[in-house]
Asks: 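This is the structure, below, for whatever I ask next.
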Amino acid sequence: MSAFVCEVETMTNWRRFRIGCPWASCLAVFVFVLLAENVNARPANMSALKDKHLSSKEENEILPPDHLNGVKLEMDGHLNKDFHQEVFLGKDMEEFEEDSEPRRNRKKLIEIFTKVDINKDRSVSAKEMQRWIMEKTEEHFQEAVRENKLSFNAVDPDGDGHVTWDEYRVKFLASKGFNEKEVAEKIKNNEELKVDEETQEVLESLKDRWFQADNPPADQLLNEDEFLSFLHPEHSRGMLRYMVKEIVRDLDQDGDGKLTLAEFISLPMGTVENQHAQDIDDDWVRERKKEFEEVIDANHDTIVTMEELEEYMDPMNDYNALNEAKQMIAVADENQNHNLELEEILKYSEYFTGSKLMDYARNVHEEF
């Protein structure tokens, strides 16, 4: 394993596995947990209902994802470490892979800069960056809509444009290794489904979410738009509020419906066995502390309410986009003119794209 002693706690709901080390510091453990989730989430009993397990891709098509592009927090309350790249690159994120050719990445980044720079003065203002952030966020929204159409068709077997909870339940259990035909038959005949406790709890949590996505007048059926809210709560104000309640419920240790700094930075602390691991843990805490104090806690009263968290997580909030633009500029604004020049974006390319281009930031004007 790694130098960390990482403790993985299985959560008894669909949202997450809690990892005893920071996300950024435990990639190997993260991969392990993803694999463990696929295994442990399967029913423990070996009944005749079990069938070949669907691929993770097929499963993910019908399960609400933990990660939502362009949203600052993951569904489990972790900071979205890719947020800056998502709102700067939009659908072009795939272009900037770790093993991509640096010179090609540099050329692509220059092209993006020229698009952000609307007035063509060779610098990017906060207003220009705000407009760009909103545009890239909308790209993520549209991608979610496209993916949702495929997912909806997968769980709407009769093609009537509506999905019942039972139809979804059949597909969900099939994704967990149950025989789809046998499950459908048992549900149709109101027969008991023998599932393990963990799977039952996941179903109950999903059912709560299902009914939250069912817009008035509630008919216990989800159409394609409602199914989008089910999978992607950022598309619905009501579902976004529900997601915030779920996150607060998980982090709120004293049950007052609000978050203190101590509660926000307590997820998830690990047991470390050396100073290097402790330093990484400390970095993770500092990152969450800074986000809590400088961004989420809007009125700086040391308490984050559900309303503040909801505003913070709303990806289409103009005010948030402007604040984000100012923060992104401040990171790379070496000459302190409150704008970004191309040289600055290239120098701090890893922050904006995840790619290091410092060795390729010379002779900019020859190509620009």
Side-chain angles (χ1 to χ4, degrees), residues 23-24 67-74 78-98 100 105-141 234 283-284 286-298 300 308-309 311-358 360-361 364 368:
W23 281 94
H67 176 81
L68 302 169
N69 287 331
V71 179
K72 285 195 168 187
L73 285 187
E74 309 284 14
H78 288 83
L79 293 177
N80 176 3
K81 63 183 180 61
D82 296 323
F83 177 75
H84 298 121
Q85 286 99 9
E86 289 169 358
V87 296
F88 184 74
L89 298 176
K91 63 183 180 182
D92 291 327
M93 278 194 70
E94 297 178 0
E95 298 284 333
F96 290 86
E97 298 176 352
E98 289 186 9
S100 297
N105 285 352
R106 175 190 171 181
K107 182 178 179 181
K108 183 67 177 178
L109 188 51
I110 292 173
E111 291 174 358
I112 291 175
F113 179 87
T114 60
K115 293 177 182 178
V116 183
D117 180 22
I118 292 294
N119 63 8
K120 305 304 177 187
D121 65 352
R122 297 197 173 194
S123 69
V124 170
S125 67
K127 282 291 185 181
E128 286 174 323
M129 185 67 84
Q130 177 196 29
R131 179 202 63 83
W132 183 257
I133 287 173
M134 296 296 289
E135 184 178 315
K136 298 297 106 178
T137 301
E138 180 62 28
E139 284 184 6
H140 291 303
F141 266 53
E234 75 276 20
D283 288 342
W284 180 86
R286 279 192 292 270
E287 182 182 358
R288 289 184 73 88
K289 183 175 185 291
K290 180 179 180 181
E291 194 74 7
F292 182 96
E293 295 178 334
E294 298 181 11
V295 185
I296 308 177
D297 182 15
H300 304 293
E308 285 176 319
L309 191 59
E311 289 301 311
Y312 167 79
M313 293 183 64
D314 182 2
M316 297 306 289
N317 184 313
D318 288 342
Y319 180 74
N320 283 353
L322 181 59
N323 280 340
E324 186 62 35
K326 291 177 180 178
Q327 290 180 53
M328 293 174 76
I329 289 174
V331 167
D333 184 22
E334 289 194 339
N335 61 13
Q336 297 295 300
N337 67 351
H338 305 295
N339 288 349
L340 283 183
E341 280 70 50
L342 178 59
E343 292 91 335
E344 292 171 329
I345 286 185
L346 288 173
K347 183 174 181 179
Y348 289 87
S349 61
E350 188 171 17
Y351 175 80
F352 294 99
T353 70
S355 301
K356 291 183 179 180
L357 301 177
M358 287 186 64
Y360 298 87
V364 170
F368 185 45

Asks: Is the F352-H84 ring centre distance short of 6.0 angstrom?
Replies: no

Asks: In terms of heavy-atom contacts, does NZ of K290 have more than 12 from other residues, nucleotides or ligands at under 6.0 Å?
Replies: no

Asks: Is the closest side-chain heavy-atom distance between N105 and E95 below 4.5 Å?
Replies: no

Asks: Judged by atom type as modelled, is there a donor-acceptor pair below 3.5 Å linking the side chain of N320 to the main-chain atoms of E311?
Replies: yes

Asks: Whether the N80 and H78 side chains hold a donor-acceptor pair (N or O, under 3.5 Å, no angle test) is what I'd like checked.
Replies: no

Asks: Can you check whether H338's main-chain N or O pairs, donor with acceptor, with D333's side chain at less than 3.5 Å?
Replies: yes

Asks: Output yes when a side-chain donor or acceptor of Q85 lies under 3.5 Å from a complementary backbone atom of Y351, and no otherwise.
Replies: yes

Asks: Could you go through E293 and K289, starting from their C-alpha distance and side-chain angles, then the distance that decides it, and tell me whether this counts as salt bridge (charged side-chain N to carboxylate O under 4.0 Å, His left out)?
Replies: CA-CA 6 Å; E293 295 178 334; K289 183 175 185 291; 3.0 Å; yes

Asks: Does the D318 side chain pair with the main chain of L322, one donor and one acceptor, at a distance under 3.5 Å?
Replies: no

Asks: Is it the case that the side chains of Y348 and E334 hold a donor-acceptor pair, with the cut-off being a distance below 3.5 Å and no angle test?
Replies: yes

Asks: Is there a side-chain contact between K326 and Q130 in this structure, where contact means two heavy atoms from C-beta onward sitting under 4.5 Å apart?
Replies: no

Asks: Evaluate the salt bridge (charged side-chain N to carboxylate O under 4.0 Å, His left out) criterion for residues K72 and E324: first the C-alpha distance (whole Å), next the side-chain angles of each, then the deciding distance (0.1 Å), finally the verdict.
Replies: CA-CA 11 Å; K72 285 195 168 187; E324 186 62 35; 3.0 Å; yes

